[in-house]
Structure formats: structure tokens, C-alpha cells
Amino acid sequence: VKVYLRARPTNGAAESFRVGEDNRTVSVSLKRTEQGLINNSADAIQFEFDTILHDASQESVFTQCAAEVCESVLAGYNGTVFAYGQTGAGKTYTMSGDAGSDYKQRGVIPRAVHHLFREMDVRVGKDITLSVSYLEIYNEGMYDLLADEIVPDSDLVVVDRDGEMEVKHLTKKKCRDEAEALRFFFAGERNRAVADHVLNKTSSRSHCVFTVHLESRSVGDGDDRTVVSKLNLVDLAGSERVKKTNVTGKALLEATHINKSLTFLEQTVNALSRGDKHVAFRQSKLTSVLRDALGGNCKTTMIACTWPDEAHAEETISTCRFASRVMTLSTRAVVNESKDPRVLAAKYERRCEELLRELAARDTFAGKAPVNYGPMGEVERRELESEVRMFLETDDANADDVPAESLRQVREAFRLFKKAYLEAVNETDRRVAEAREETMKEALKAGAGEAAAEENGEKAEEKEKAEGAEGEGEAEGDAPAEGEDATGDDAAVGDEDADASGFAAGVAPADAAPPPESPQRAKNDVAMTRAAETARKAAASRVEAEQREVAFAEYKKSVSPERAAEAAAASARLKEAKASLKEAVETVNTLKAEIDALGVAVDEAKAKSAAERGAGEPADVVDAETYESMVALKKTKARYRSTFEEVKRLKASLPDLTTAAAETRAALVKEFQEWYDKGGGLDLLVQRDADEDDMDYGEKFDQLELQRALNRDPESGAFFAAKKGLLGSTKRVPVTRTVQHMRALASTQRRAF
């Protein structure tokens with residue numbers, strides 16, 4: 001842990017506070033007390049620190065104390081800068097600055113935020129996200145200074161996440177630029193608890209921790225890991241001696257809590273410096289929050305603020321002793337790779353988006369038509385289903401007719417193939433079951449008829465036997481007379497009938513039955529019926545897709561042209577921004593190459609000029625060629641900076657433009673779907689060319705009859721139109737715009753209407 005000592009400017013510090021020539025040691029004088037003739041007490045105590053900042057500016061304080069920590073945070077390490085000292089020693093001025101003074105008097109926190117954003121802009125190879133939080137510890141209660149309502153929140157709990165301390169439920173505000181981060185900081189400053197007393201008019205009555213959270217990852221072909229880090233900027237409340245501040249009431253209670261928490265902090269530091277096996281970090285909220293900074297995964301810097309006046313020599317020595325103990329502490333800082341599942345999920349989502357953009361870029365460079373590699377919409381699903389149905393039902397269909405431009409499209413096509421297969425199997429099973437049931441019914445019916453025929457045959461035989469016995473004698477010798485018809489009941493099959501034209505059919509045998517239906521024929525009939533049903537469904541699906549496409553075009557043109565124009569404009573703006581960004585990036589790369597080349601040329605020219613320069617010639621004189629190269633280098637750098645600013649602006653605008661384009665497109669499709677589900681677009685199928693007032697009674701009757709037919713069966717429109725002779729009519733019959741009626745119309749119906 002590095003420790004820097006900053007002394008507040010004062011008039012009475014010359015004798016009691018002396019800084020060594022090495023600017024690392026300081027000697028603090030003690031008040032000698034009367035102890036008789038011999039007094040062995042020390043006159044002064046000497047301390048040594050990394051650097052002593054005496055009469056130092058705010059800029060030099062940041063440069064020496066905090067700049068290195070900020071660089072470490074950008075590299076992926078955790079960092080902490082905290083100010084410690086007595087009340088009125090300048091801790092808040094060091095960390096926050098003087099809000100009422102000029103820009104140069106800003107403190108470590110505003111300068112650190114500025115430094116981080118400036119470095120983020122320069123590091124174009126990194127995609128860095130910054131967020132801030134502001135925690136206040138007041139009277140051993142934790143407060144969220146960036147919350148909508150500043151109240152003691154019991155939900156704020158210090159938790160240990162894999163060895164790193166974190167305040168759970170603390171508000172984190174994402175910041176797009178430096179101004180936004182500083183607005184959050186100043187808002188938190190206004191919410192801090194302050195009070196006045198004898199030594200300080202604006203004394204901080206609480207400990208405050210302003211934390212900057214960074215999440216960075218490489219862009220392009222760099223490392224795909226996500227690095228997270230944080231910078232804790234801590235302004236501790238000052239220790240007080242009540243006999244000097246003379247506080248009472250609420251201020252006395254605040255001073256008690258401040259001194260108590262600082263005492264626990266000192267005990268923790270002492271335990272760490274001694275190497276105790278157990279360190280009581282949990283005895284106060286402050287030590288719990290600063291656990292990483294004191295001995296964990298963090299690069300820590302302490303700024304010990306003193307008031308080197310003779311009247312405050314005891315407080316100065318106490319501060320220096322505490323700072324000396326802090327110098328003995330060691331931390332173990334490592335680069336932090338994110339283990340948060342949400343961060344990992346966000347990283348994978350970004351990777352997927354990058355891959356989708358790469359695929360789109362590849363298609364663009366290859367001259368292919370745009371392909372949607374994202375989730376398929378409802379319209380696209382219906383179009384693909386129509387093409388799959390057509391492929392399955394067409395004999396000479398080619399496999400290339402089924403689109404396979406993306407993996408999602410291929411998967412959706414396979415899903416549709418499976419769906420069609422299952423439908424075919426179910427339909428076949430149903431028809432086979434129906435055919436089997438019908439065959440069983442016919443078999444049962446044929447069996448009942450055969451039994452009845454047998455019974456009737458037996459009765460007929462008995463009757464014939466009885467009649468034969470009665471007329472046996474008469475039958476002998478009888479013969480037809482000359483001229484009589486020889487045909488009778490016993491005429492043979494095929495004998496000519498004299499009384500009627502044709503031949504005698506005869507009587508069928510009693511056991512005669514029609515031949516059973518062939519199983520193969522029944523199977524063929526089922527297959528033909530199934531094919532016809534599938535063709536009908538495919539035709540209806542194809543017509544539905546055509547209807548939606550026509551309706552969507554009409555909706556954009558007539559119903560909601562403003563929304564369609566808004567979506568088209570958003571898409572055009574996004575496309576234009578991407579093209580501009582691509583052009584600007586190419587320009588930046590070109591200028592960077594020119595700068596490198598010019599820099600090498602200038603260096604070579606200077607080296608050559610120095611080698612050729614005589615002993616008496618001045619060193620600052622350059623030849624014309626070198627001067628021109630230097631001027632060109634300066635102009636190229638200026639162009640590079642301006643173009644780079646344009647790249648940053650375009651890059652920052654892309655997320656908003658992408659979101660706007662997606663939202664407007666989604667809103668357009670959603671509104672169209674609602675309009676279409678309510679019957680929108682039906683006037684494209686059934687046009688009302690003639691008003692109802694212009695129709696005669698016959699046309700009105702035809703309209704009512706057509707409407708009743710459609711109510712009974714939506715698919716009966718074509719039959720009704722053909723029956724009434726409307727297929728060849730040039731006059732269209734108006735039909736009520738009903739979704740249930742018109743969505744099922746086939747192509748012939750649409751032509752008829």
C-alpha cells in the first residue's frame with residue numbers, strides 16, 4: 001500500500017512541521033512538558049512516506065497519488081484511493097474538490113472520472129462499459145446516495161463474492177460519457193450528511209465510497225474474455241476531539257460514531273500489520289467495505305491529510321502513525337475476469353450478434369441477396385410452409401425450390417417436413433380405420449343376406465316337392481299343342497323369348513354373392529383421397545400466404561403509410577450510419593498508416609540532418625524537406641483526430657439506431673397483424689365496385705344467398721359462384737367482410753369474387 005502525506009497550508013507550520021530534503025520524511029515537533037531538571041521526552045517524531053505533498057496543487061496530487069491506480073483499473077485490477085485525517089485537514093477537498101471554485105480546484109474523483117473516459121476513448125481496441133455507485137456510511141447505517149429515496153436501507157448488505165467484497169442491492173448507474181458520470185457524483189454529493197463546527201464549516205459527518213465499475217472486452221479479433229474492475233474513491237470522515245470542536249446533541253452522536261468506526265479501522269490495520277490469524281473485519285461497516293483495499297485483491301493508495309499547525313500536533317502525529325502502519329500492509333492484486341453469469345450471458349449474446357453481422361457482411365461482399373439470420377417472423381414462416389407444401393405436392397419439384405439460406409431456415413424446413421409427415425400418417429391411419437370399419441359393416445350385411453337366402457331356398461324346395469307329388473300323373477305325356485309357346489319357367493338361360501325382346505336372365509344361384517372389394521383397391525382409394533386432401537390444404541396455405549403478402553403491401557401503402565415511412569426511414573438511417581462508420585474506420589486506418597510513415601520519414605530526416613550538421617550550426621534548424629514532412633505530419637494528425645471523433649460518434653449512435661429500426665419494424669408488423677386478424681385486406685379479395693343502392697333485387701337476392709352459403713360452409717363459395725354463373729361475369733358481387741368466411745377461400749373463389 002502506497003501512502004502519501006498531504007499537508008494543509010497554514011501559517012504556523014514552519015517550526016512544528018518540517019519536511020526533509022528528499023521530500024519523503026517529515027519531522028513533527030512535540031510540546032515539551034515540565035518534568036523537573038531532567039526531561040528525556042523526545043522533541044520531535046520523524047516519519048517516512050512515499051511522497052510528501054506540501055503546498056501541492058490538485059493536479060499534482062492526482063498525478064502522483066491516483067493516476068497510476070486509474071491505469072491499473074483500466075488494465076483489469078481493482079483499485080482504491082482513500083483519504084484519512086483529522087477533521088478540517090482537507091480530505092473532502094482532496095477527494096471532491098471545491099464545488100464553488102474554478103475547474104482547476106476539482107479533486108481526485110472528478111479527475112479520475114475524466115482520466116478514465118479519456119483513456120477509454122483512446123483505447124479503440126476495447127469495448128469498455130462504465131457504471132458508478134455511491135455509498136454513504138452514516139452512524140453505522142448504509143445509505144444509497146444514487147437511489148430515488150435516500151433512506152436507511154436494510155437491503156444493503158456487505159457480502160463476500162468469491163473473495164471480493166460487494167454491497168448487495170447498491171444502485172449502479174451506467175454512464176455513456178463523462179458528463180453523465182459527474183452528474184451522478186454531484187447528485188450524491190448533495191445528499192451527503194454535513195454539518196458545521198468550530199474547526200470546519202462543512203464537516204463531513206459520514207464516510208463515503210464513490211465506486212467506478214468497469215467492464216471491458218476486446219473488439220474485433222482480439223481476446224474474447226471479459227475483464228471487470230472497480231475503483232473505490234473513499235472520503236473518510238475526520239476524527240474529532242470533542243474538547244476542540246465543542247459539538248453537542250446530534251453532532252456529538254455523529255462524532256461518536258465517526259471516532260468509533262475509525263478506531264475499528266485502526267484496530268484492523270494493526271491486526272493486519274502484526275499478521276494475526278483472525279482479523280475482525282466485520283466489527284464495523286467501514287472495515288467490511290474496505291476489506292479488499294486493506295489486504296485483498298486491490299491496489300491501494302492512501303492520502304494522509306494533516307493540519308500541520310502547532311495546535312493540532314497531536315492529531316498530526318496520530319495520523320502519521322496510522323499512515324505508517326498502513327504502509328506495512330500488502331495486497332494481492334490480480335486481473336479480474338468476470339464470473340457473473342449475467343456478464344457471461346451478455347458476452348455470448350454479443351458474440352452471437354457479431355457472428356450474425358459477419359454472415360451479413362459475407363453475403364454483402366459475395367453479392368448475395370440479404371438473408372435474415374435472426375428469428376423468423378410469422379410471415380416468413382408461412383411463406384416457407386407454402387414452399388415446402390408445394391415441394392411435397394409437385395411431382396417434378398427440385399430440392400433447390402426449398403430455401404436453405406440460413407441454419408434457422410433449414411431447421412424450420414425440417415420442422416415443417418416432420419409436421420407434413422405426421423399429418424400424412426394421421427390422415428392415412430384415419431382413412432384406413434374408416435375403410436376397415438366400412439368393410440366390416442358390408443361383410444356383416446352380406447352374411448345376414450346369405451342366411452336369409454338359404455332359409456327362403458329351403459322353404460321353396462319343400463313347396464316344390466309338395467306340388468310335384470300332387471301333379472305327377474298329369475305331367476306324364478302332356479305336351480304343348482301345335483302353335484303354343486314352348487318357353488316357360490324351365491326355359492334355359494339364353495333362350496330367345498318370343499313375347500319380349502332380349503334373352504331370359506335366369507335365376508341366380510342361392511349362394512351367389514358379389515365379389516369382395518380388393519384390399520389394394522381400398523388402399524389406392526385412401527391414398528388418392530389423402531393426396532387430394534393434401535393438395536387442397538397446400539393450395540389454401542399458398543393462397544393464405546399470397547393474401548398476407550398483398551395485404552401487407554396494401555397496409556403499408558394505404559392504411560399506415562406514416563408508420564411504414566417511419567420504419568423505412570429508421571432502416572435507411574441505420575444503413576447510412578453503418579456505411580459512414582465503415583468509411584470512417586477505413587479513413588482512420590489509412591491516416592494511421594500515413595502518420596506512421598511520415599513519423600519514420602521525419603525521424604530519418606532529423607537523424608540525417610544531425611549527422612550532416614556542422615559543429616557551429618544550431619540544432620533547431622531543419623531543411624525544407626524535413627519541414628514539409630513535419631507540416632504534413634501535423635496536418636495528418638489533425639485529420640486523424642477529427643476522423644477518430646467521427647468514428648466515436650457514429651459508433652455511439654449505432655445502438656440507438658439499431659434499436660429504433662427494430663422497434664419501428666416490430667410496431668409496424670404488430671399493427672398489421674392486428675389489422676389483418678380483424679379482417680383487414682379483405683376488400684382486396686372482394687371489391688365493392690358497385691354500391692348496394694345500385695343493385696337490383698335479383699343482385700341483392702344473389703348476395704344474400706351467397707352470404708348464407710358462406711355461413712354454412714366457408715369453402716362453398718366457388719360452387720355457389722359457378723352455380724349462379726358468376727365465374728364469367730364482369731360484375732363483382734359484394735360480400736360481407738368476414739374473416740371466418742374469406743380466409744379459407746381458394747384461388748378459384750378469389751377470381752369468382
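We count residues from 1, following the sequence as given.
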Which pairs count as side chain to side chain donor-acceptor pair (under 3.5 Å) when at least one residue sits in residues 576-592, sequence neighbours excluded?
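Listed once each, the pairs are Lys592-Asp596.
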
Is there a donor-acceptor contact under 3.5 Å linking the side chains of [X] and [Y]?
| X | Y | value |
| --- | --- | --- |
| Ser60 | Thr63 | no |
| His114 | Arg111 | no |
| Ser204 | Thr92 | yes |

For Tyr134, the ring-ring contact (aromatic ring centres under 6.0 Å, His included) test, sequence neighbours excluded, returns Phe185, Phe210

Partner residues of His207 under the ring-ring contact (aromatic ring centres under 6.0 Å, His included) criterion, sequence neighbours left out
none

Could you walk me through whether Thr306 and Arg6 pass side-chain hydrogen bond (donor to acceptor under 3.5 Å, both in side chains), step by step?
CA-CA 6 Å; Thr306 60; Arg6 187 181 192 189; over 6 Å; no

Excluding sequence neighbours, so at least two apart, what forms salt bridge (charged side-chain N to carboxylate O under 4.0 Å, His left out) with [X]?
| X | result |
| --- | --- |
| Asp276 | Arg274 |
| Arg176 | Glu180 |
| Asp121 | Lys648 |

Test side chain to side chain donor-acceptor pair (under 3.5 Å) applied to [X] - qualifying residues, sequence neighbours left out:
| X | result |
| --- | --- |
| Thr636 | none |
| Arg123 | Glu71 |
| Asn78 | Asn336 |
| His213 | Ser133 |

Can you run down the salt bridge (charged side-chain N to carboxylate O under 4.0 Å, His left out) pairs that involve residues 257-268, sequence neighbours left out, and say none if there aren't any?
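Qualifying pairs, neighbours excluded: Glu266-Arg325.
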
Atom pairs and distances, donor-acceptor, side-chain atoms in residues 135-142, under 3.5 Å, two or more places apart:
unit_1, atom_1, unit_2, atom_2, d
Glu136, OE2, Ala193, N, 3.0
Glu136, OE2, Ser206, OG, 2.6
Tyr138, OH, Glu254, OE2, 2.4
Glu140, OE1, Lys285, N, 3.3

Quick check for you: to the nearest 0.5 Å, what is the distance between [X] atom [atom1] and [Y] atom [atom2]?
| X | Y | atom1 | atom2 | value |
| --- | --- | --- | --- | --- |
| Phe62 | Ser57 | CZ | OG | 12.0 Å |
| Arg24 | Phe49 | CZ | CZ | 11.0 Å |
| Phe82 | Thr94 | CZ | OG1 | 13.0 Å |
| Asn270 | Arg321 | CG | CZ | 12.0 Å |
| Ile303 | Tyr84 | CD1 | OH | 15.0 Å |
| Leu214 | Leu231 | CG | CG | 8.0 Å |

Cationic N near anionic O, under 4.0 Å, [X] to [Y]:
| X | Y | value |
| --- | --- | --- |
| Lys2 | Glu68 | yes |
| Lys91 | Asp235 | no |
| Arg183 | Glu178 | no |

Give a yes or no on whether the backbone of Ala251 and the side-chain of Arg205 come within a donor-acceptor separation of less than 3.5 Å.
yes

Check: Asp50 side chain, Val3 main-chain N or O, donor-acceptor pair, under 3.5 Å
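Yes, because the side chain of Asp50 sits within donor-acceptor range (under 3.5 Å) of the backbone of Val3.
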
Go through the steps to decide whether Lys104 and Glu59 satisfy the test salt bridge (charged side-chain N to carboxylate O under 4.0 Å, His left out), and finish with yes or no.
CA-CA 8 Å; Lys104 294 182 180 180; Glu59 182 178 1; over 6 Å; no

Run Arg217 and Glu354 through salt bridge (charged side-chain N to carboxylate O under 4.0 Å, His left out) and show every step you take.
CA-CA 13 Å; Arg217 65 183 184 90; Glu354 291 175 359; 3.2 Å; yes

Could you walk me through whether Asp22 and Thr25 pass the side-chain hydrogen bond (donor to acceptor under 3.5 Å, both in side chains) check?
CA-CA 7 Å; Asp22 58 355; Thr25 58; 3.3 Å; yes

